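Worth saying up front: this structure is predicted, and the values here are computed from it rather than measured. Chain identifiers are assigned alphabetically (A, B, ...) following the order of the sequence lines, protein sequences preceding nucleic acid strands; residue numbering begins at 1 within each chain. Atom set for the values below is all heavy atoms of this structure, side chains included, hydrogens, waters and symmetry mates excluded.
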Amino acid sequence: MLPRDVGSDPEAWDAASVPELPEVETTRRHVAQALTGRRIDVVEIRRDRMARRNERPADIVERLVGRTVESVGRIGKFIVIEVEGDLRWVIHLGMSGRLQLAGASHPEAPHTNVVVSLDDGVELRFVDPRTFGFVAVWTAEEWAASTMPAIGRDALSDTPDAVWLADRLAGRTAPIKALLLDQRVMAGIGNIYADEVLHRCGVRPTRPAGSLTSGEVEGLASVVGPVLEDGLLHGGTSLDDLAYLLPDGRAGEYAARLRVYGRTGEPCRTCGTPIERTIVAQRSSHFCPRCQT
DNA sequence: AACGATCCCTGTTGGC
DNA sequence: TGCCAACAGGGATCGT
């Protein structure tokens, strides 16, 4: 799954599917090789909604064309690309977004909403049927005025320690899962990983965040990194909609790693008790009623 | 300030 | 079989 010489090979590299943090990091690593040092020749915004975090879609085109990419980074699930001229090009994959690298002659996938052509003939294509993702290009001032500065510590590269986490959870009455999903606390955990993390540390998603004992906070802090590392190890696997898991072999491999998410009624892999499902923070949540208290 | 609810959007699914 | 409502999700935004 390593990127080929896409400049000469018309066969596209297709990023992994779902925007869980490990897939975003996998995507970042692949596009970094293709983008870094390249000059941007053409930018097409085909669905204005994808550019909704800029004042005008044309701003994105005008700011990127002719400029060179300096670096490709990541904060949580946001891909942050530094562009010549003190600009930040931000890409969020939403829930159905994928980045593709392809030669210009390679057929386009449906819902190719943004296309960026590089000076070596490679195209970066942003495919996103549900358009929950977005692309933005911000000046330093616009970045500062955006929600980005409030984004919390990256859950993978800057995994919070127990002391820091305890401080953030203290006094909070919202369910612990809501805080795990809050990107202003730590960045990168989505609905699936939130459930998986909570199962591994034995805490129910509904527990008020401030009610966790110091031991539970330590347990939580200790599993976040490993769970995400494990996901990154399998970062090439695909995961589309949950119901789509079974037909796809690779997706099945991913599903086999999940301990609770999407396993309502199935036996807990630890104790055999049927996994239960409830709604927390307006999101489906899965837990083992025996292992998690 | 903190928290919960709503909305955006479309492919897929399940009920009738 | 066919139709259509329900559902999934991340993040912005609004009301309390």
Side-chain angles (χ1 to χ4, degrees), chain A residues 16-25 27 46-55 57 74-80 90-99 109-114 126-136 138 142-143 145-152 154-155 167-197 205-211 228 231 238-248 251 254-255 258 260-265 277-286:
Chain A
S17 301
V18 147
E20 292 288 328
L21 185 150
E23 273 77 14
V24 176
E25 173 60 14
T27 297
R46 299 181 187 166
R47 287 200 60 170
D48 284 356
R49 175 175 152 78
M50 299 298 289
R52 63 191 177 280
R53 297 194 67 179
N54 266 94
E55 201 166 320
R74 182 188 57 76
I75 302 174
K77 289 174 266 189
F78 298 82
I79 294 173
V80 181
V90 180
I91 298 174
H92 195 292
L93 301 177
M95 74 167 289
S96 62
R98 290 142 45 210
L99 292 181
H111 306 290
T112 298
N113 298 334
V114 179
F126 191 175
V127 179
D128 186 7
R130 297 182 193 179
T131 67
F132 274 35
F134 71 87
V135 54
W138 288 324
E142 289 167 342
W143 170 279
S146 78
T147 56
M148 294 305 296
I151 298 296
D154 187 77
D167 184 57
R168 296 304 302 266
L169 303 188
R172 301 294 297 268
T173 60
I176 181 62
K177 176 162 175 179
L179 291 205
L180 290 180
L181 293 175
D182 187 344
Q183 305 299 297
R184 296 168 300 184
V185 178
M186 63 176 118
I189 295 179
N191 201 39
I192 296 175
Y193 280 95
D195 282 3
E196 295 300 307
V197 160
T206 47
R207 281 277 298 284
S211 76
L228 293 174
S238 68
L239 171 63
D240 290 325
D241 283 343
L242 189 59
Y244 197 68
L245 288 174
L246 291 181
D248 185 315
Y254 186 103
L258 297 178
V260 286
Y261 186 84
R263 300 191 62 244
T264 308
R277 177 183 182 274
T278 185
I279 300 292
V280 181
Q282 290 75 240
R283 294 286 176 263
S284 65
S285 304
H286 314 75

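- The side chain of A:Arg130 places no N or O atom within less than 4.0 Å of a non-bridging phosphate oxygen (OP1 or OP2) of C:dG11.
- Nearest-nucleotide mapping onto DNA chain C: of A:Arg184 and A:Arg52, the residue sitting toward the 5' end is A:Arg52.
- Shown here is A:Arg46, whose CZ atom has more than 12 heavy atoms of other residues, nucleotides or ligands within 6.0 Å.
- Applying the 4.0 Å criterion to OP1 and OP2 of C:dC7, one finds that A:Ser284 has every side-chain N and O outside that range.
- Per the geometry, CE belonging to A:Met148 stands 16 Å off P belonging to C:dG10, to the nearest Å.
- Panel note: side chain A:Ser96, backbone A:Gly94; no donor-acceptor pair is recorded below 3.5 Å.
- Contact annotation: A:Gln183 side-chain N/O to C:dG11 OP1/OP2 distance is under 4.0 Å.
- For A:His111, no side-chain nitrogen or oxygen approaches OP1 or OP2 of B:dT10 to under 4.0 Å.
- The two atoms that bring A:Lys177 and A:Ser284 nearest to each other are NZ-O, 3.1 Å, heavy atoms only.
- Ring geometry, A:His92 versus A:Phe78: the interplanar angle exceeds 60°, so the pair is classed perpendicular (tilted spans 30 to 60°).
- OP1 or OP2 of C:dA12 lies within a sub-4.0 Å distance of a side-chain N or O belonging to A:Thr147.
- Between the side chain of A:Arg283 and the base of C:dA8 there is no donor-acceptor pair of N/O atoms closer than 3.5 Å.
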